[in-house]
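Okay, so here's the structure we're looking at.
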Amino acid sequence: MTPTLSTLLRPPTTELQIMCWSRQLKPVKFNEYSALRFLSNALRALRNAQAPDCAPIDQLSTAYDGIYALCLGSLYLHGLLPSGKEGYRALAIQLGSEKLRLTTLERDKILNTNQYLQLMVGDCPEHVEDAVAQDMLALGLHTLQQARKVFPDWFH
């Protein structure tokens, strides 16, 4: 990694360094603009998921996208991203959930939604209950609050 003057970049933890060594994560060139894009994407997705005309399937998917952007962003703030191998989304969610201090139950809900959305391909998406979509939106807003607590300078 090249040195940067950014106050957003954090050194990788020992766990993240081991994940790099095993090639599950890769070091990436860090810049503040990209870090802010992850946050901006998450904020936009969570705002869109709150639209009154958003169908439950769209709300579920869009809220999940917001959470995923926060998870990826939390890794990017350490100068790392998944290497792109199979299962990279689940890996990003697992590691990002830890960085964002989510509970294991919250992490598992996100992982289950990831699997569910991957299974739902095609022209006829399954019906999603409004309560399920609302639960994911609430989890997305909670994840955003956690990101604010853990990485307050990301929001300034």
Side-chain angles (χ1 to χ4, degrees), residues 1-55 57-103 106-118 120-121 133 135-156:
M1 266 187 288
T2 54
T4 181
L5 298 177
S6 175
T7 59
L8 293 178
L9 183 63
R10 281 124 173 90
T13 62
T14 303
E15 176 193 24
L16 294 177
Q17 289 174 347
I18 290 169
M19 303 291 285
C20 245
W21 177 78
S22 68
R23 298 181 191 220
Q24 295 178 64
L25 296 175
K26 63 181 178 185
V28 293
K29 185 176 179 179
F30 181 88
N31 69 63
E32 288 198 10
Y33 175 77
S34 294
L36 294 175
R37 288 295 302 161
F38 281 108
L39 180 58
S40 173
N41 290 343
L43 291 169
R44 184 175 45 255
L46 292 170
R47 184 179 58 245
N48 290 343
Q50 294 177 67
D53 61 341
C54 193
I57 182 62
D58 296 329
Q59 188 175 47
L60 179 73
S61 176
T62 306
Y64 164 81
D65 287 343
I67 295 169
Y68 181 65
L70 289 170
C71 288
L72 273 180
S74 71
L75 294 175
Y76 185 78
L77 291 176
H78 291 84
L80 301 168
L81 285 175
S83 60
K85 296 178 182 175
E86 189 173 330
Y88 72 93
R89 278 187 166 262
L91 177 66
I93 291 166
Q94 289 172 340
L95 295 173
S97 294
E98 288 177 24
K99 297 291 157 224
L100 295 168
R101 299 181 190 144
L102 299 179
T103 67
E106 292 165 336
R107 180 205 61 209
D108 290 349
K109 278 185 184 181
I110 301 165
L111 287 169
N112 288 337
T113 300
N114 175 45
Q115 289 178 322
Y116 178 71
L117 290 171
Q118 287 180 349
M120 283 186 27
V121 270
D135 188 45
M136 186 54 52
L137 175 57
L139 181 51
L141 296 173
H142 171 72
T143 303
L144 185 61
Q145 288 175 337
Q146 287 299 108
R148 254 187 232 282
K149 288 178 190 174
V150 177
F151 302 113
D153 50 340
W154 198 15
F155 290 80
H156 297 293

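On a predicted model such as this, the values are computed, not experimentally measured, just so you know.
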Query raised in the report: What closest approach, in Å, do Cys20 and Leu80 show between heavy atoms, and which atom pair accounts for it?
Result: SG-CD2, 3.2 Å
**Report entry** side-chain hydrogen bond (donor to acceptor under 3.5 Å, both in side chains) involving Glu106 - partner list, sequence neighbours excluded
**Finding:** Thr103, His142
Query - side chain to side chain contact (heavy atoms under 4.5 Å, CB included) against Gln115, all qualifying residues, sequence neighbours excluded - result: Asn112
Requested in this report: Work out which heavy atom in Gln17 is nearest to a heavy atom in Pro12; give both atom names and the distance.
Outcome: NE2-O, 3.6 Å
Query raised in the report: Going from CG on Leu95 to OG1 on Thr13, what distance comes out if it is rounded to the nearest 0.5 angstrom?
Result: 8.5 Å
Query raised in the report: Considering all heavy atoms of both residues, which atom of Val150 and which atom of Lys99 are nearest to each other, and what is their separation?
Result: CG1-O, 3.3 Å
Requested in this report: Go through the structure and list residues passing side chain to side chain contact (heavy atoms under 4.5 Å, CB included) with Ala90, not counting sequence neighbours.
Outcome: Leu111, Asn114
Query raised in the report: Does Ser22 have any side-chain hydrogen bond (donor to acceptor under 3.5 Å, both in side chains) partners at least two apart in sequence or in another chain, and if so, which?
Result: Gln24
Query raised in the report: How long is the gap from CD1 on Ile67 to CD on Gln146, to the nearest 0.5 Å?
Result: 12.0 Å
Requested in this report: Decide yes or no for Leu25 and Leu91: does some side-chain heavy atom of the first lie under 4.5 Å from some side-chain heavy atom of the second?
Outcome: yes
Requested in this report: Can you sort out the partners of Arg89 under side-chain hydrogen bond (donor to acceptor under 3.5 Å, both in side chains), two or more places apart, ordered by chain and number?
Outcome: Tyr64
Query raised in the report: Do you know the tightest heavy-atom contact between Pro82 and Leu72?
Result: CD-CD2, 3.7 Å
Report task. Please examine the side chains of Leu144 and Phe155, heavy atoms only from C-beta on, and report whether any two atoms are closer than 4.5 Å. Result -> yes
Query raised in the report: So which of Trp154, Phe151, Phe38 actually passes ring pair (Phe, Tyr, Trp, His ring centres under 6.0 Å) with Tyr76?
Result: Phe38
Report task. Using modelled atom types only, decide if a donor and an acceptor are shared between the side chain of Gln59 and the backbone of Cys54 within a distance under 3.5 Å. Result -> no
**Report entry** Spacing of Leu137 atom CG and Asn48 atom CG [to the nearest 0.5 Å]
**Finding:** 11.0 Å
Requested in this report: Might you point out which heavy atoms bring Leu9 and His78 nearest each other, and give the distance in Å?
Outcome: CD1-C, 3.9 Å
Report summary line: CD of Gln94 to CG of Asp108, rounded to nearest 0.5 Å, is 8.5 Å
Query - Nearest-0.5 Å distance, CG of residue Leu8 to CD of residue Glu32 - result: 4.5 Å
**Report entry** Those residues that, when tested against Ala42, pass side chain to side chain contact (heavy atoms under 4.5 Å, CB included) (two or more places apart)
**Finding:** Ala69, Leu70
Query raised in the report: Do the side chain of Ser40 and the main chain of Leu36 share a donor and acceptor less than 3.5 angstrom apart?
Result: no
**Report entry** Residue pairs involving residues 135-156 (criterion salt bridge (Lys or Arg N to Asp or Glu O under 4.0 Å); sequence neighbours excluded)
**Finding:** Arg10-Asp153, Lys109-Asp135
Requested in this report: For residues 43-55, pull every pair meeting salt bridge (Lys or Arg N to Asp or Glu O under 4.0 Å), keeping only residues two or more places apart or in separate chains.
Outcome: none
**Report entry** For Ser34, side-chain hydrogen bond (donor to acceptor under 3.5 Å, both in side chains) partners two or more places apart
**Finding:** Asn31
Requested in this report: Determine yes or no for a side-chain-to-main-chain donor-acceptor pair under 3.5 angstrom, with Thr143 supplying the side chain and Leu139 the backbone.
Outcome: yes
**Report entry** Partners passing side chain to side chain contact (heavy atoms under 4.5 Å, CB included) against Ser97 (at least two apart in sequence or in another chain)
**Finding:** Cys71, Ile93, Leu102, Arg107, Ile110
